[in-house]
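Input: a single structure, listed below in C-alpha cells.
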Amino acid sequence: MEALVCRKLGDPTVSVEDDNSPIIVSKNHPIPQLNSPTAVRVRIKATSLNFANYLQILGKYQEKPPLPFIPGSDFSGIVDSVGSKVTNFRIGDPVCSFAALGSYAQYIVVDQNELFRMPQGCDLVAAGALAVAFGTSHVALVHRAQLTSGQVLLVLGAAGGVGLAAVQIGKACGAVVIAVARGAEKVQLLKSLGVDHVVDLGNENVTESVKEFLKVRRLKGVDVLYDPVGGKLNKESLRLLKWGANILIIGFASGEVPVIPANIALVKNWTVHGLYWGSYKIHRPVVLEDSLKELLSWLTKGLISVHISHSYSLSEANLAFSAIRDRKAIGKVMIVFDEKSTRSKL
C-alpha cells in the first residue's frame with residue numbers, strides 16, 4: 001500500500017522527492033494486519049491535515065512518537081476486513097474515526113469500539129475531516145464552556161479548520177457569533193454561514209469593531225472566547241469579555257503563547273479552560289464518543305458543513321502542509337485517495 005512515512009523530524013513542506021524531506025511516500029508499505037479478534041481494517045478514502053500533524057513532523061508537538069512513523073489522525077473510509085469477534089461492522093460499511101497515528105496511508109487497523117458508522121446520506125470525504133477540528137470545537141464549546149442560546153461567542157482564527165467548526169457549532173447552539181479573520185474571501189464565507197458579525201483584521205480593529213457591534217445589539221460583552229491563535233490578538237480580546245466569561249485556549253497558531261493576568265481573571269470571575277482534545281481519548285473517551293455521534297447527526301441534518309479548501313493526493317503531501325503553514329486554507333486541507341487533487345483560488 002501507499003503510506004506517508006516520517007523518517008526524521010523536519011520541514012514537511014519540502015518536496016517528498018527531495019533527499020532532505022523528512023517524509024517519503026512508500027509505495028510498497030506493508031498492509032496492516034488485523035491484530036485482535038475485534039480489530040477492523042479500513043480502506044481510507046479521506047484523511048485531514050491538522051496543524052498538530054504539521055507540528056508533529058517538525059518535532060514541535062507535545063507528543064513525539066518514535067521514528068519512523070506514519071502521521072495522521074482523523075479519517076473516513078470503507079471497512080475492508082473484520083476480526084472473528086467483530087459484531088458492529090461488516091465489510092463494505094462506510095465508517096469514520098480518529099487515531100493517534102497512521103491515517104496517512106491507504107489502510108489502517110483500529111478496534112471496532114473506536115469506529116463510527118456513517119449515517120445514511122452523510123458525505124464520506126466530509127466525515128474524514130470531522131473528528132479533530134469539529135471534535136475539538138464541540139468538546140470546547142458544548143462540554144467545557146457549556147455554551148447556551150443567546151450567549152455571545154467570539155471566535156479568533158475563524159476561517160481555519162477549528163475556527164469554521166467553532167462558528168457553526170456556535171450557531172447550532174443558538175449563540176450570537178462574532179468571528180475574526182483576515183481577507184475578503186474568508187469574511188464572505190463566514191457571513192454565508194450566518195455569523196452575526198465578522199471582523200476583517202486586514203482593515204478593522206478588533207476591539208473597536210466588536211464594541212460597536214455589542215453596543216448596537218445592546219449586549220454587555222463576550223461570554224465565551226474561543227482562541228486557537230494566541231499572541232496579541234488574545235490580549236486584545238480579553239478587553240471584550242464580560243464578568244464570568246469562559247476562555248477556551250485551543251492553540252497558538254500565531255507562535256506566541258499569551259499571558260492571561262490572573263488578577264484580572266480573579267476580579268472578573270473568568271474561567272480559563274485549557275483544551276487538549278487528544279487527551280480525552282485516554283481520560284474521558286465517552287465524551288469523545290458522544291461528541292462525534294452528535295456531530296455526525298448534525299452533519300447529516302445539515303446543521304454543520306465541512307468546507308474543504310484544498311485536497312491533495314498522498315504524493316503531494318508537502319503542498320498540503322504548505323497550505324497549512326502559509327494559512328492559505330479556508331477550512332480543511334485533505335488527502336483524498338483515488339481522486340484528483342483540487343485547490344482553492346487562494
Side-chain angles (χ1 to χ4, degrees), residues 51 133 136-137 140-141 144-145 147 150-171 173 175-265 267-275 307 326-331 346:
F51 194 64
T136 295
S137 297
L141 295 171
R144 296 293 291 277
L147 183 68
Q151 286 190 315
V152 179
L153 168 65
L154 174 60
V155 180
L156 308 183
V162 293
L164 276 182
V167 299
Q168 292 185 70
I169 291 169
K171 293 303 296 182
C173 291
V176 176
V177 178
I178 303 170
V180 179
R182 186 186 299 274
E185 190 175 355
K186 294 178 180 180
V187 169
Q188 183 179 2
L189 174 62
L190 288 163
K191 287 182 177 179
S192 74
L193 293 173
V195 172
D196 297 274
H197 182 65
V198 184
V199 182
D200 186 348
L201 285 175
N203 52 40
E204 292 181 280
N205 177 275
V206 173
T207 305
E208 293 176 1
S209 179
V210 174
K211 281 186 174 180
E212 179 61 26
F213 170 76
L214 294 172
K215 180 180 178 181
V216 171
R217 293 286 291 266
R218 297 182 180 180
L219 298 166
K220 294 181 179 180
V222 171
D223 295 285
V224 178
L225 171 62
Y226 182 96
D227 182 14
V229 178
K232 65 179 183 180
L233 197 54
N234 175 279
K235 185 177 180 180
E236 288 183 51
S237 301
L238 295 181
R239 301 169 187 166
L240 301 164
L241 303 187
K242 66 192 298 186
W243 187 94
N246 285 277
I247 302 170
L248 294 163
I249 304 300
I250 307 300
F252 316 109
S254 67
E256 182 182 344
V257 178
V259 175
I260 299 173
N263 60 324
I264 298 178
V267 171
K268 293 195 174 184
N269 280 268
W270 290 342
T271 302
V272 182
H273 305 268
L275 188 98
H307 184 82
D326 299 337
R327 302 183 188 179
K328 291 180 178 179
I330 303 177
L346 285 180

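In this structure, the side chains of Pro258 and Leu238 stay at 4.5 Å or more apart for every pair of heavy atoms. Proximity of Asn234 to Phe252: side-chain heavy atoms (C-beta onward) are nowhere separated by under 4.5 Å. Between Ser137 and Gln168, every side-chain heavy-atom pair lies at or beyond the 4.5 Å cut-off. Side-chain atoms of Val162 and Phe51, non-hydrogen and from C-beta on, never get closer than 4.5 Å to each other. Inter-residue side-chain proximity for Phe213 and Val176 is flagged as met; some heavy-atom pair is nearer than 4.5 Å. The closest side-chain heavy-atom distance from Lys171 to Asp196 is below 4.5 Å.
Interatomic distance, Ser237 OG to Leu225 CG, rounded to the nearest 0.5 Å: 5.5 Å. Of the inter-residue distances, the one linking Ile169 atom CD1 with Leu164 atom CG reads 11.0 Å to the nearest 0.5 angstrom. To the nearest 0.5 Å, the span separating CD on Glu256 from NZ on Lys235 amounts to 9.5 Å. Atoms OG1 and CD, on Thr207 and Glu236 in that order, are 5.0 Å from each other to the nearest 0.5 Å. Atoms NE2 and NZ, from His197 and Lys191 in turn, are 9.0 Å apart once rounded to the nearest 0.5 Å. In this structure, CG in Asn205 is found 12.0 Å from CD in Glu212, a value given to the nearest 0.5 Å.
Of all the heavy atoms in Ala145 and Val224, the pair that sits closest is CB-CG1, 4.0 Å. Nearest approach of Asp200 to Ala184, heavy atoms of both residues: OD2-N, 4.2 Å. Minimum interatomic distance between Val167 and Ala179 (heavy atoms only, all atoms of both residues): CG1-CB, 4.1 Å.
Checking Val195, Val177, Val180 one by one against Leu190, the side chain to side chain contact (heavy atoms under 4.5 Å, CB included) holds for a single residue, Val195.
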Quiz: residues 239-250 side-chain donor-acceptor pairs under 3.5 angstrom, not counting sequence neighbours:
from: Lys242; atom 1: NZ; to: Asp223; atom 2: OD1; distance (Å): 3.4
from: Asn246; atom 1: OD1; to: His273; atom 2: NE2; distance (Å): 2.7

Expected list for residues 150-159: side-chain donor-acceptor pairs under 3.5 angstrom, two or more places apart:
from: Gln151; atom 1: OE1; to: Thr148; atom 2: N; distance (Å): 3.0
from: Gln151; atom 1: OE1; to: Thr148; atom 2: OG1; distance (Å): 3.4

Would you please test Leu275 and Tyr226 for side-chain contact (heavy atoms from CB on, under 4.5 Å) and show each step?
CA-CA 10 Å; Leu275 188 98; Tyr226 182 96; over 6 Å; no
